[in-house]
Amino acid sequence: MAPVIGKAKAAVDISIAYLTGIRHLFHRPYTLRFPQQRYAVEKGYRGRHLLHLDRCTGCGICAWICPEKCITIVPRGQRWYPQYFYGRCCFCHFCTDYCPEFALEETVEYDIAEYTRDRLVWSPERLSKPPVKKDDKYVFSVDTIGGASQVPQKEE
Amino acid sequence: MSAPPKPPPLTTVESTETSDSGAQTLTLSVGPQHSGSGHMRLIVEVDGDIIVNVAPDPGYVHRGIEKIIELRNIIKSIPVIERPSIIDASNLNHAWVRSIEEIQGVEVPRRGQYLRTLLNEMNRIMSHLYWLSIYGVFLGHTTMFMWPLGDRELFIDLAEKLTGARITYSYLVPGGVRRDLPPGFAEEAVKRTEYFEKRLKEYDRIFFNNPLFTSRAKGIGVLSREKAIELGCTGPTLRGSGVDADLRKDEPYAAYPELDFEISTRPDGDSFSRAMVHMDEMRESCKMIRQIVKKIPSGPIRRKAPIVLPRGVAYGRVESARGECSFYLIGEGGDKPYRARYITGSYRNMAAIPAVLLGNRLADMPTAWWSIDYWPVEADR
C-alpha cells in the first residue's frame with residue numbers, strides 16, 4: 001500500500017509544480033528589451049563622474065585614493081585636472097568622497113561602453129559635460145497583483 | 001645556423017597503472033572550465049560509475065589578494081577584498097573593516113551598525129539566490145535557474161538605492177558606512193521582502209517539494225555531524241549536518257544582538273538538508289531586514305577613523321553567506337598592513353568536497369557538490 005501512496009503523492013507534487021510554473025506564463029516579464037527600453041537609475045547611482053572645472057584645484061587626492069590607478073592629473077594651461085581611464089575604473093567613487101572641494105560628482109549615466117580603447121580615456125573637458133539625456137524611463141516595481149516587473153516610470 | 005632538434009618519435013603510451021584488487025578504475029578531470037565545477041578542477045576516480053577517489057585541485061583563479069593588500073592602503077584595499085566573491089561583497093568587506101576597527105579602537109555608531117547589518121542580510125539573500133539558480137540548472141530545472149536570478153533583482157535594486165552600486169558596493173568603510181538610508185527605503189524594503197516570502201513558497205512548490213528534486217537530493221552526499229566538525233566546515237554546510245554554530249549568535253557583532261532571528265539546522269547532513277538550510281536562512285534574512293528598517297536608531301552613520309593602521313594585531317570575523325570569513329591583520333604604524341591573512345568560508349569548506357562525493361554515483365556529483373556552495377574564486381582568493 002505504501003508504494004501506491006508514495007506514487008500518488010509524487011504525482012500530486014509534480015502536478016502542483018507544473019501548475020505553479022504555468023501560472024507564471026500570464027505574468028508580466030521581468031526583462032527589458034535594452035536598447036529600446038532603458039532602465040532608469042535613481043539619483044545617487046554611481047555612474048560616470050562629472051567634473052566641475054571651476055571648483056577643481058588639481059590637488060591630486062582623487063588620483064591618490066583611486067584603487068585602480070585610473071586617474072591621471074593632466075595640465076591645461078596654468079591648471080591641472082584629473083583625466084579618467086574608464087577601462088580601469090571600478091566605480092567605487094572614493095574619488096568623489098575624498099574630493100575636498102566637491103569638484104567631482106556621480107551621475108546616472110551608466111552606458112559608457114565604447115568601440116575603441118582610446119575613447120575610454122575621458123579628458124577633463126569631456127568629464128565636465130553634464131550627462132546626455134537619454135530616454136531612461138523603466139523602473140523596477142513590485143506590486144501585490146502583477147508581481148515584480150520593469151514598468152515605465154510614472155510622470156510627475 | 002644549426003638545424004632545430006628533431007622531435008622525439010611518437011610511441012604508444014602504455015598504461016602502467018594496475019590495481020591490487022584487479023578492479024579497473026577511470027580517472028576523470030572535471031574542470032577547470034566545466035559548467036559543473038566552476039573555476040576549479042576535480043580529479044575524480046570512478047569504478048563503473050561509483051566515485052572511489054576525489055582530489056580537489058584549486059588555485060585556477062588565484063589572484064594573490066593577500067599580497068595586493070600589503071601594497072595598498074586600507075581604503076584602497078576595500079574594492080579588492082570584495083572581488084573574490086562579488087555576489088557576497090559586503091560580508092567580506094565587513095570582516096575587513098571589523099579587523100581594522102579592532103586595531104584602531106574605533107567604535108561604529110549604532111545607526112552605522114544597523115546599516116551594515118541591513119546590507120549584509122540583503123547580500124546573504126542575493127548570494128543564496130545565485131547559489132539556488134545554479135543548483136537548479138545543475139539539476140536540469142531551467143525554471144529554477146530563471147526565477148532566483150530574476151528575484152535577485154528585488155534586492156539588487158534595493159542595494160542600488162542604498163549604496164549607489166548594484167553588486168560591488170564598497171559601502172562599509174572603517175568607522176561606519178558611506179551613505180544614509182534614502183527616503184522611502186523602509187516601505188520599499190518591507191514590500192519587497194513580503195513579496196519575496198511569497199515567492200519562496202512558490203520555490204517550495206516548484207522545486208523543493210518536487211519529487212524530481214527530492215528523489216535526487218535526499219540521502220545523497222551525506223556529511224555526518226562528527227565528520228563536519230572534524231573537517232572544520234562552516235556556514236550552511238555545517239548547519240546542514242545538525243551543528244548549531246553561527247557567528248551571528250555565537251559572537252554577535254554589528255546589530256545582530258538586538259535582532260530576533262533563529263539559526264536553522266537540519267540533522268540529516270545530506271544535500272537536501274543543506275539546500276533547506278539555505279532556504280530557511282533567506283526567510284530569516286527577510287525577517288531581519290524588516291526588523292532593521294523598523295528599529296533603526298537615529299544618529300550619525302560614520303565616525304572619523306584615521307587612514308593609518310597603528311601597530312597591533314587583530315582578528316576580525318563575520319558570518320558570510322558561505323560560512324565564517326576572517327582576517328588576521330598585523331599593523332605596523334603605516335597606512336598599509338604588514339600582513340593580512342584572509343580566510344573565507346569556501347576555503348574552509350573545501351575539505352568537505354571529497355567527504356560528500358565519495359561512494360556516490362557520478363550522476364549524483366552535481367547534486368552533492370553544489371550543495372556545499374563552494375565558490376572557487378572565493379576559496380582561491
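A note on names: the letters A, B, ... follow the listed sequences, proteins ahead of strands, and every chain is numbered from 1.
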Practice problem: To the nearest 0.5 Å, tell me how far B:I75 CD1 sits from A:C92 SG. | Solution: 10.0 Å

Self-check item: Interatomic distance, A:T20 atom OG1 to B:F207 atom CZ [nearest 0.5 angstrom]
Solution: 13.5 Å

Practice problem: Quick one: which of B:L212, B:L154, B:T168 has the most heavy-atom pairs under 4.5 Å with chain A, could you say? | Solution: B:L154

Quiz item: Can you check whether B:R83 reaches A:C90 side chain to side chain, under 4.5 Å on heavy atoms?
Solution: yes

Quiz item: Should the pair B:E202-A:R23 be classified as a salt bridge under the 4.0 Å nitrogen-to-oxygen rule?
Solution: yes

Exercise. For chain A, find which of B:R178, B:E153, B:R199 contributes the most heavy-atom pairs closer than 4.5 angstrom.
Key: B:R178

Quiz item: Does any N or O in the side chain of B:R72 come within less than 3.5 Å of the main-chain N or O of A:P67, such that one atom is a donor and the other an acceptor?
Solution: yes

Quiz item: Where does A:H24 contact chain B at under 4.5 Å (heavy atoms): side chain, backbone, both or neither?
Solution: side chain

Practice problem: Give the member of B:R205, B:E188, B:K191, B:E194 that has the highest number of heavy-atom pairs under 4.5 Å with chain A. | Solution: B:R205

Quiz item: So which of B:T143, B:D157, B:I78 has the largest heavy-atom pair count under 4.5 angstrom toward chain A?
Solution: B:D157

Quiz item: Within a strict 4.5 Å, meaning less than it, do heavy atoms of the A:D13 and B:F213 side chains meet?
Solution: no

Exercise. Would you name the heavy atoms of A:G44 and B:R179 that are closest together and state the gap between them?
Key: O-NH1, 2.6 Å

Quiz item: Taking every heavy-atom pair that is under 4.5 Å apart, which of A:E68, A:K9, A:H93 has the most such pairs with chain B?
Solution: A:H93

Quiz item: Looking at A:I14 and B:P211, what are the two nearest heavy atoms and their distance?
Solution: CG1-CD, 3.6 Å

Exercise. Identify the two heavy atoms, one from B:I307 and one from A:I65, that lie closest to each other, and give their separation to 0.1 Å.
Key: CD1-CD1, 4.4 Å

Self-check item: Portion of B:V173 that has a non-hydrogen atom of chain A nearer than 4.5 angstrom
Solution: side chain

Quiz item: Should the heavy atoms of other residues, nucleotides or ligands under 6.0 Å from CZ of A:F34 be counted, would the total exceed 12?
Solution: yes

Quiz item: Between B:S170 and A:F94, which heavy-atom pair has the shortest distance, and what is it?
Solution: CB-CZ, 4.1 Å

Quiz item: Using a cut-off of under 4.5 Å for heavy-atom pairs, which of A:F91, A:W64, A:Y110 has the most such pairs with chain B?
Solution: A:W64

Quiz item: By number, which residues in residues 77-84 of chain A have some heavy atom less than 4.5 Å away from chain B?
Solution: none

Practice problem: Answer with side chain, backbone, both or neither: which region of A:Y45 has an atom nearer than 4.5 Å to a non-hydrogen atom of chain B? | Solution: both

Quiz item: B:R381: what forms a side chain to side chain contact (heavy atoms under 4.5 Å, CB included) with it, not counting sequence neighbours?
Solution: B:E66, B:R341, B:Y342, B:T344, B:Y347

Quiz item: Closest heavy-atom contact between A:R46 and B:Y169?
Solution: NH2-O, 2.7 Å

Self-check item: Lys/Arg-Asp/Glu bridge criterion (N-O < 4.0 Å) met for A:K43, B:E160
Solution: no

Practice problem: Walk me through it: do A:I16 and B:N209 pass the test side-chain contact (heavy atoms from CB on, under 4.5 Å)? | Solution: CA-CA 9 Å; A:I16 290 172; B:N209 292 342; over 6 Å; no

Practice problem: Pick one of side chain, backbone, both or neither for B:D204, based on which atoms fall under 4.5 Å of a heavy atom in chain A. | Solution: neither

Quiz item: Of the backbone (N, CA, C, O) and the side chain (C-beta and beyond), which part of A:Y98 lies under 4.5 Å from a heavy atom of chain B, both, or neither?
Solution: side chain

